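These numbers come from a predicted model, not from an experiment. Lettering follows sequence order; numbering is per chain, from 1.
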Amino acid sequence: MPELPEVETVLRTIAPASRGRRVRRVWGSRQPLRGGQPVPVAALRRALAGRRLARWWRRGKYLLAAVEGGRSVLALHLGMSGRLRIQRPGEPRAPHTHLVLGLEGGLELRLVDARRFGTVLLLDARRLVHEPPLAALGPEPLGRGALRPAAFARALARRRGPIKNALLDQRLLAGVGNIYACEALFEAGIDPRRPAAELDAKEAAALLAALRRTLGRAIRHCGTTLRDHADGWGVRGRYQRLLRVYGRAGEPCRRCGAPIVQLVQAARSTFACLRCQR
DNA sequence: TAGAGCCTGCGG
DNA sequence: CCGCAGGCTCTA
């Protein structure tokens with residue numbers, strides 16, 4: 001499901017609904033999530049139970065939550081199919097529910113993830129940025145402290161392989177996934193197969209600007225719902241209607257009319273208009 | 001730096 | 001039935 005705009009959309013509903021509420025109950029499925037790691041229920045109970053959720057934020061595709069007076073930070077990654085929902089305790093639990101945080105005031109945060117590519121971690125608040133998994137993340141594309149064009153150009157110059165693959169590498173830039181990599185390359189008019197190191201400073205700056213515009217627009221439309229994505233209340237995103245290339249193989253380019261092609265790069269589908277993207 | 005692998009569900 | 005899916009990790 002989730003790239004930066006989808007995670008941001010979830011954050012913006014989860015945070016106000018749960019901030020300041022105490023965690024009353026912690027329940028975890030016993031099934032393994034990504035890497036065979038089950039939800040660390042006992043550690044979560046120790047770290048969270050009885051404490052107020054003080055702050056939620058996002059880093060790349062990770063959702064992070066700090067509790068008042070706690071030394072640990074809850075980190076959630078939604079993988080491909082993960083959803084985080086706010087529901088009442090009485091509502092039936094969806095299949096593949098892996099984590100439930102019961103909050104004071106009678107709300108529950110529920111993590112549902114059919115494919116189990118997501119993760120639930122408890123991180124040391126003091127070492128947060130120095131330890132995996134956050135230490136490995138590159139700069140954010142948006143907001144304060146965001147990646148700057150010159151640094152982006154320099155990083156690209158050092159890379160091997162196609163620009164599309166580079167955009168998916170979270171060490172270069174955190175939060176971009178397959179949809180927005182394709183969309184931003186279209187917006188910038190850059191062929192996804194071009195070697196990353198071949199882009200000049202001007203092209204790198206144009207690509208970064210296109211990424212920012214695309215991600216910002218997607219956030220304003222509450223993300224792209226192809227199948228699973230919804231905000232904390234279950235409201236679907238609307239950006240899928242605005243996709244220019246992703247998922248449109250064979251359909252005419254909205255700009256020039258040439259058919260959108262589907263390629264395979266790094267074992268993922270790439271969508272592009274090879275007339276507009278050079 | 002590619003490719004396989006991890007999982008389930010869905011659409012062709 | 002097969003192939004494919006919004007991610008990431010490990011292996012050659």
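For residues 256-273 of chain A, every residue pair satisfying the side chain to side chain donor-acceptor pair (under 3.5 Å) rule, not counting sequence neighbours, is listed here: A/K164-A/T270, A/Q262-A/S269, A/Q265-A/T270. Identified under the side chain to side chain donor-acceptor pair (under 3.5 Å) test for residues 127-140 of chain A, with sequence neighbours left out: A/R58-A/E140, A/R59-A/E140. Annotation: salt bridge (Lys or Arg N to Asp or Glu O under 4.0 Å) contacts involving residues 32-51 of chain A, sequence neighbours excluded, are absent. Residue pairs meeting the side chain to side chain donor-acceptor pair (under 3.5 Å) criterion with at least one member in residues 249-261 of chain A, sequence neighbours excluded: A/R248-A/E251.
Side-chain contact check for A/E183 and A/Y239: no donor-acceptor pair (N or O, by modelled atom type) lies under 3.5 Å.
Closest to the side chain of A/R116, out of B/dT8, C/dC8, C/dA5, is B/dT8.
One N or O on the side chain of A/H77 and one on the backbone of A/G79 form a donor-acceptor pair closer than 3.5 Å. Within the 3.5 Å criterion, the main-chain N or O of A/I190 finds a donor-acceptor partner in the side chain of A/Q277. In this structure, A/R24 contributes its side chain and A/G50 its backbone to no donor-acceptor pair below 3.5 Å.
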Structure string for DNA chain C in dot-bracket form, Watson-Crick and G-U at under 3.5 Å, | interchain: |||||.||||||
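Between A/F117 and B/dC6, a base-stacking contact is recorded: ring centres under 5.5 Å apart, planes less than 30° from parallel.
A salt bridge is defined here as a Lys NZ or Arg NE, NH1 or NH2 lying under 4.0 Å from an Asp or Glu carboxylate O, and A/E91 with A/R110 fails to meet this definition. Remark: A/D200 does not engage A/K202 in a salt bridge, criterion side-chain N to carboxylate O under 4.0 Å.
Atom CG of A/L242 and atom C1' of C/dG6 are 17 Å apart (whole Å). Rounding to whole angstrom units, NE2 of residue A/H77 and P of B/dC6 are separated by 19 Å. Atom CG in A/L215 sits roughly 16 Å away from atom P in C/dG6 (whole-Å rounding). When the C1' atom of C/dA5 is taken as reference, atom CG of A/L78 falls 16 Å away, rounded to whole Å. Across the protein-nucleic acid pair, A/D113 atom CG and C/dG7 atom C1' stand 10 Å apart, rounded to whole Å. The separation between A/Y180 atom OH and C/dG6 atom P is 12 Å, rounded to whole Å. To the nearest angstrom, P of B/dC6 lies 16 Å from CD of A/Q31. Residue A/H96 contributes atom NE2, which lies 8 Å from atom C1' of B/dG9 at whole-angstrom precision.
Between A/K61 and C/dG6 there is no side-chain polar atom (N or O) within less than 4.0 angstrom of OP1 or OP2. The phosphate of C/dC4 has neither OP1 nor OP2 within less than 4.0 Å of any side-chain N or O from A/S269. For the OP1/OP2 pair of C/dA5 and a distance below 4.0 Å, the side-chain nitrogens and oxygens of A/Q262 include at least one atom meeting the criterion. Distances shorter than 4.0 Å separate none of the side-chain N or O atoms of A/Q170 from OP1 or OP2 on C/dG7.
Among residues two or more places apart in sequence or in another chain, the side chain to side chain contact (heavy atoms under 4.5 Å, CB included) test is passed with A/R278 by A/R275. Listed by chain and residue number, A/E187 satisfy the salt bridge (Lys or Arg N to Asp or Glu O under 4.0 Å) test with A/R213 (two or more places apart in sequence, or in another chain). A search for ring pair (Phe, Tyr, Trp, His ring centres under 6.0 Å) contacts involving A/F271 returns A/Y246, not counting sequence neighbours.
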Kindly list each side-chain donor-acceptor pair under 3.5 angstrom involving residues 61-68 of chain A, sequence neighbours excluded, with atom names and distances?
from: A/K61; atom 1: NZ; to: A/V176; atom 2: O; distance (Å): 3.2

Give me the distances for all protein-to-nucleotides 1-4 of chain B N/O pairs that come in under 3.5 Å?
from: B/dT1; atom 1: OP1; to: A/R160; atom 2: N; distance (Å): 2.5
from: B/dT1; atom 1: OP1; to: A/R160; atom 2: O; distance (Å): 2.3
from: B/dA2; atom 1: OP2; to: A/N165; atom 2: ND2; distance (Å): 3.1

Contacts under 3.5 Å, N or O only, protein and nucleotides 10-12 of chain B:
from: B/dC10; atom 1: O4'; to: A/R227; atom 2: NH2; distance (Å): 2.8

What are the atom names and distances for every N/O pair under 3.5 Å that joins the protein to nucleotides 9-12 of chain C?
none

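With A/L185 as reference, A/P192 is the one residue of A/P162, A/C276, A/P192 to meet the side-chain contact (heavy atoms from CB on, under 4.5 Å) rule.
A donor and an acceptor atom sit less than 3.5 Å apart, one in the side chain of A/R115 and one in the base of B/dC7.
Using a 4.0 Å heavy-atom distance criterion, A/Q240 is classed as making no nucleic acid contact.
C/dT11 and B/dC7: their P atoms are spaced 16 Å apart (whole Å).
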